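Here's the structure we're looking at; comments come further down.
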Amino acid sequence: AMPIKDVVLDENRPKTLLIDKHADFIIKLFHSEDNYEFAITDYLRMSGMYWGLTALDLIHKKDQHLRTDLFDFIKNCQDPESGGISASLNHDPHLLHTLSAVQILCMYDKVDIIDIEGVVKYVASLQQSDGSFSGDKWGEIDTRFSFCAVATLSLLKRMDAIDVDKAVKFIESCKNFDGGFGSRPLSESHAGLIYCCLGFLSITNRLDIVDRDTLAWWLCERQLPSGGLNGRPEKLPDVCYSWWVLSSLKLLGRLHWISWTDLENFIMACQDGETGGISDRPGDVADPYHTLFGLAALSLLGYSNIKSVNPTYCMPQEVIDRLGLKPQVLA
Ligand SMILES: COc1ccc(S(=O)(=O)N2Cc3cc(C#N)ccc3N(Cc3cncn3C)C[C@H]2Cc2ccccc2)cc1
Ligand SMILES: [Zn+2]
């Protein structure tokens, strides 16, 4: 039989959650800025800040280390002409980083420090005639950007600015026979894109269009003997797929279809006992992206000392509640 591509968990791997080490790991990212080692490179910085700050908030370490200049940074990343927000100073605006900036500002209840109308105008300007969205002015179409568009607008309470019905029709056109979704019509199903499309349908209250059990089955097939989840058949497990698959199953009301203890073991094994932080697989270098998605996945598994995370926005549930947002979740 075909050997399954998987990892073997080491006997003396970490078996408990190293909360304080993860806090130290993230906080260091925000304090190494004064030297070349600023751990999150500038083409990713706004998203890196969202990953780091959300991870800190989920483990109850939110306020200690926020520097006021972070808000000045976000303000200075908004392009006055297009209204969009960029990854870092002197970069082009992009939907990915516009969403990250709005997510951070919502967590700190500081949305008013940016030009909200400008952001709304930027997002609306990226919708195409077929309802799809491009990520920026260069025009790449991807279902990821449909999610970024409605996540940004719904957090700002401005869904009126786009054609929602056409946007839903485009996402529907990306549904595959395996129940999954890809980047564009006829693209291969991938767990990260399935999360984006389900998150989009949750925000637009249209999860009815999903082939619920076909898709839930495809998602459960992602779990390997190591307990880890992969993003497509025949791929290695990776912590970030824990989030993409788990949040998708949560939105479908099928979270109980995979083994929680096996997945928890895998995520624990991906912690770096030295530096803190969580990596994609056991033994690899930890980063803020996998640290957030590992902690968020454990939160969905009901881990007690991690704040409840909203499966649609990957933000603390208390923030979504404060905003009065009720994204659809199938029971
Ligand atoms: C390590 O080389 C890379 C490669 C690509 C990228 S990226 O294009 O900016 N990006 C975000 C990302 C951030 C970090 C961190 N810190 C690490 C990885 C990673 N990947 C790559 C990855 C994840 N799992 C395994 N792989 C190889 C996803 C990718 C796409 C993505 C962007 C935004 C939101 C979600 C997903 C960054 C670093
Ligand atoms: Zn990953």
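We count ligands from 1, going down the list as the structure has it; atoms in each ligand are counted the same way. Remember, it's a predicted structure, so these values are computed and weren't measured experimentally.
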Within a distance under 2.8 Å of the Zn ion (ligand 2), the protein atoms of type N, O or S are Asp238 OD1, Asp238 OD2, Cys240 SG, His290 NE2
For [X], the ligand 1 atoms whose distance to one of its heavy atoms is below 4.0 Å:
X      : result
Trp51  : 11 (C), 13 (C)
His290 : 23 (C), 24 (N)
Leu44  : 9 (O), 37 (C)
Pro288 : 16 (N)

Is it the case that one hydrophobic cluster holds both Trp257 and Leu219, taking links as side-chain heavy atoms less than 4.5 Å apart, direct or via other members? no
Ring centroids only, cut at 6.0 angstrom: are Tyr195 and Phe147 within range, meaning strictly under it?
yes
Between Asp238 and ligand 1, does any nitrogen or oxygen pair lie at a separation below 3.5 Å?
yes
Hits for side-chain hydrogen bond (donor to acceptor under 3.5 Å, both in side chains) against Tyr122, two or more places apart or cross-chain, chain-then-number order -> none
Between [Y] and [X], is there a salt bridge with N-O shorter than 4.0 Å?
X      : Y      : answer
Lys61  : Asp20  : yes
Asp112 : Lys110 : no
Arg254 : Asp213 : yes

Notebook entry, point to check: Is the shortest heavy-atom distance from the side chain of Arg222 to the side chain of Ile258 under 4.5 Å?
Noted result: no
Value for CD (Gln127) from CZ (Phe170), rounded to nearest 0.5 Å, stands at 10.5 Å
To the nearest 0.5 Å, atom NE2 of His290 lies from atom CG of Asp280 at 4.5 Å
Looking at [atom], is any protein heavy atom nearer than 4.0 Å to it?
atom                    : value
atom 22 (C) of ligand 1 : no
atom 1 (C) of ligand 1  : no
atom 13 (C) of ligand 1 : yes
atom 25 (C) of ligand 1 : yes
atom 35 (C) of ligand 1 : yes
atom 10 (N) of ligand 1 : no

Lys175 atom NZ, neighbour heavy-atom count above 12 within 6.0 Å:
yes
Checklist entry - Is the CD1 atom of Ile4 crowded by more than 12 outside heavy atoms at less than 6.0 Å? => result no
Closest approach of any protein heavy atom to [atom], naming residue and atom:
atom                    : answer
atom 30 (C) of ligand 1 : Arg144 NH1, 4.5 Å
atom 6 (C) of ligand 1  : Tyr43 OH, 4.4 Å
atom 28 (C) of ligand 1 : Tyr289 OH, 3.7 Å
atom 17 (C) of ligand 1 : Asp287 OD2, 3.6 Å

Fit a plane to each ring of Trp244 and Phe293, take the angle between them on a 0 to 90° scale, and name the class: parallel (under 30°), tilted (30 to 60°) or perpendicular (over 60°). tilted
Report task. For Asp262 and Ser259, test the side chains for any donor-to-acceptor distance below 3.5 angstrom and give the result as yes or no. Result -> yes
